[in-house]
Amino acid sequence: MRVQGKPCQTIWETPDATGLEVIDQRVLPHRFETVTLTTPEQTAEAIRTMVVRGAPLIGAVAGYGVYFAVNAASAHLDRIAQKAAEQLAAARPTAVNLRWAVEQMTARILAAPESAKCAVALMAAREIVAGELDRSRRIGEHGGTLIQTIAAQKSGPVNILTHCNAGWLATIDYGTATAPIYWAHDAGIPVHVWVDETRPRNQGAALTAFELGEHGIPHTVIADNAGGHLMQSGRVDLVIVGADRVAANGDTANKIGTYLKALAARDCGVPFYVALPSSTFDWSLPDGAGIPIENRSADEVRFIDGLGPTGPVTVRLVPETSPAENPAFDVTPARLITGFITEQGISSHPLRPS
Ligand code: MRU
């Protein structure tokens, strides 16, 4: 997508392919900065501290983390790759893309002859990136037709509500939940996006609003609590969210607060779609009860980051003595989900990749 009018993806290799440049998502929208990753340790830390975030993106970056480990070693490459994969997979627990990507990497490395392991690792990391890019593009095409159909039935823009950031910043490009929105906008279909701010880390207010603004898409940031009211008032035609892990029955883990939006959507008769690449399905889990929910630091609730008159500021919101808790994801039961938008098309239930 675009930043200041120029095409941009979330990650790119350094010229000698020994490192990965990533956009530092902690400082957006106020500053556009990049960080260079060259080791598996730096990569795991960037994932843990959310320099990079979003399920497909952390998987793709973790792929490079495994490659960095192999690239720096001269012997025992299989063992080194496996150890790096374990460390990277542990950086964040909920998004299954992380485990999926490092498993792809280790399978390819273990199967390669010793002399080719490093080249194969680089090739595998690049293929994960190319695969996610292609899946996002196809999610956009399929989901875009959904928006097109709604647009044909009403006058004025199609109003879409989204939660967190499942945009291009959370993938390689296009996004998952936002891919259909970009597709529709680029096809000349009028759209307007309600952007949940997404406390406590405000990925909606900071990241989704930034990327929609850079692409010229009309949008309005709302407090997380406003969505139900807007749906009741007929001001939301469609909800599209992303996912961090979808169990075989369709139960969907996504950013905390997604479940409440699905409940409101069901009560108001608003269609609620989950957009995801096949790398986000966890076929080993029969339902959402087994999805690990990440608990992040309570300081993310106690404090809030912003831009002050002289630069970035962090301020305390909560009384010093009040405890706080920060579950980062929730699980929306499959029964509340109208459909899944994947690279294969739109379906009322999870479809295994063909
Ligand atoms: O904690 P985050 O910011 O990594 O959470 C991201 C989300 O919940 C996204 O909705 C999800 O990863 C889908 S990204 C295309």
Side-chain angles (χ1 to χ4, degrees), residues 1 9-11 22-26 28 46-62 91-101 131-133 135-140 143 161-182 195-211 224 239-246 252-262 272-282 291-297 300-301 305 326-332 337 340-343:
M1 304 312 292
Q9 295 187 345
T10 46
I11 56 175
V22 304
I23 298 173
D24 186 347
Q25 302 199 19
R26 298 168 304 178
L28 285 173
I47 293 169
R48 198 181 59 72
T49 58
M50 296 174 67
V51 172
V52 285
R53 29 100 12 233
L57 180 60
I58 60 178
V61 171
R92 294 193 73 190
T94 303
V96 76
N97 306 62
L98 199 50
R99 194 187 71 203
W100 174 86
E132 289 301 6
L133 184 59
R135 287 187 278 275
S136 285
R137 192 180 49 73
R138 284 155 62 192
I139 288 168
L161 184 141
T162 192
H163 191 66
C164 193
N165 173 261
W168 73 263
L169 287 165
T171 62
I172 305 301
D173 209 342
Y174 307 114
T176 57
T178 59
I181 298 170
Y182 289 124
V195 178
D196 281 353
E197 62 177 349
T198 320
R199 280 283 292 148
R201 285 189 70 104
N202 298 308
Q203 291 96 326
L207 303 176
T208 305
F210 168 79
E211 54 166 89
D224 290 322
V239 179
I240 313 180
V241 298
D244 287 82
R245 189 184 297 231
V246 176
T252 294
N254 191 48
K255 181 53 54 194
I256 192 79
T258 303
Y259 172 44
L260 290 175
K261 295 300 140 74
F272 183 97
Y273 282 87
V274 175
L276 74 158
S278 53
S279 49
T280 306
F281 284 113
D282 185 346
I291 298 178
I293 300 296
E294 177 180 14
N295 273 301
R296 293 189 62 85
S297 165
E300 292 182 352
V301 177
D305 295 330
N326 187 14
F329 298 92
D330 59 24
V331 177
T332 299
I337 296 168
F340 298 90
I341 309 169
T342 73
E343 71 268 19

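Just follow the structure's listing: the first ligand is 1, and inside any ligand the first atom is 1.
In this structure, CD1 on Ile11 lies 3.5 Å from CD1 on Ile172, to the nearest 0.5 angstrom.
Scanning for ring pair (Phe, Tyr, Trp, His ring centres under 6.0 Å) contacts around Phe329 gives an empty result, with sequence neighbours left out.
Within the structure, no pair that satisfies the salt bridge (Lys or Arg N to Asp or Glu O under 4.0 Å) test touches residues 162-174, not counting sequence neighbours.
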Is there any protein N/O under 3.5 Å from an N/O of ligand 1, and what does the full list of such pairs look like?
{"residue": "ligand 1", "atom": "1 (O)", "partner": "Arg92", "partner atom": "NH1", "Å": "3.4"}
{"residue": "ligand 1", "atom": "1 (O)", "partner": "Arg92", "partner atom": "NH2", "Å": "2.8"}
{"residue": "ligand 1", "atom": "1 (O)", "partner": "Lys255", "partner atom": "NZ", "Å": "2.7"}
{"residue": "ligand 1", "atom": "3 (O)", "partner": "Arg53", "partner atom": "NE", "Å": "2.7"}
{"residue": "ligand 1", "atom": "3 (O)", "partner": "Arg53", "partner atom": "NH2", "Å": "3.2"}
{"residue": "ligand 1", "atom": "3 (O)", "partner": "Gln203", "partner atom": "NE2", "Å": "2.9"}
{"residue": "ligand 1", "atom": "4 (O)", "partner": "Gly54", "partner atom": "N", "Å": "3.0"}
{"residue": "ligand 1", "atom": "4 (O)", "partner": "Arg92", "partner atom": "NH1", "Å": "2.8"}
{"residue": "ligand 1", "atom": "8 (O)", "partner": "Asp244", "partner atom": "OD1", "Å": "2.8"}
{"residue": "ligand 1", "atom": "8 (O)", "partner": "Asn254", "partner atom": "OD1", "Å": "3.2"}
{"residue": "ligand 1", "atom": "8 (O)", "partner": "Lys255", "partner atom": "N", "Å": "3.3"}
{"residue": "ligand 1", "atom": "10 (O)", "partner": "Asn254", "partner atom": "OD1", "Å": "2.7"}
{"residue": "ligand 1", "atom": "12 (O)", "partner": "Ala55", "partner atom": "N", "Å": "2.9"}
{"residue": "ligand 1", "atom": "12 (O)", "partner": "Asp244", "partner atom": "OD1", "Å": "3.2"}
{"residue": "ligand 1", "atom": "12 (O)", "partner": "Asp244", "partner atom": "OD2", "Å": "2.9"}

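Here Arg99 pairs with Asp282 in a salt bridge; the nearest charged N to carboxylate O distance falls below 4.0 Å. A salt bridge is defined here as a Lys NZ or Arg NE, NH1 or NH2 lying under 4.0 Å from an Asp or Glu carboxylate O, and Glu294 with Arg296 meets this definition.
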Show me the side-chain donor-acceptor pairs of residues 47-62 shorter than 3.5 Å, one per line, residues at least two apart or across chains.
{"residue": "Arg48", "atom": "NE", "partner": "Glu45", "partner atom": "OE1", "Å": "3.2"}
{"residue": "Arg48", "atom": "NH2", "partner": "Glu45", "partner atom": "OE1", "Å": "2.9"}
{"residue": "Arg48", "atom": "NH2", "partner": "Glu45", "partner atom": "OE2", "Å": "2.9"}
{"residue": "Thr49", "atom": "OG1", "partner": "Glu45", "partner atom": "O", "Å": "2.7"}
{"residue": "Arg53", "atom": "NH1", "partner": "Gln25", "partner atom": "OE1", "Å": "3.0"}
{"residue": "Arg53", "atom": "NH1", "partner": "Asn165", "partner atom": "OD1", "Å": "3.0"}
{"residue": "Arg53", "atom": "NH2", "partner": "Asn165", "partner atom": "O", "Å": "2.7"}

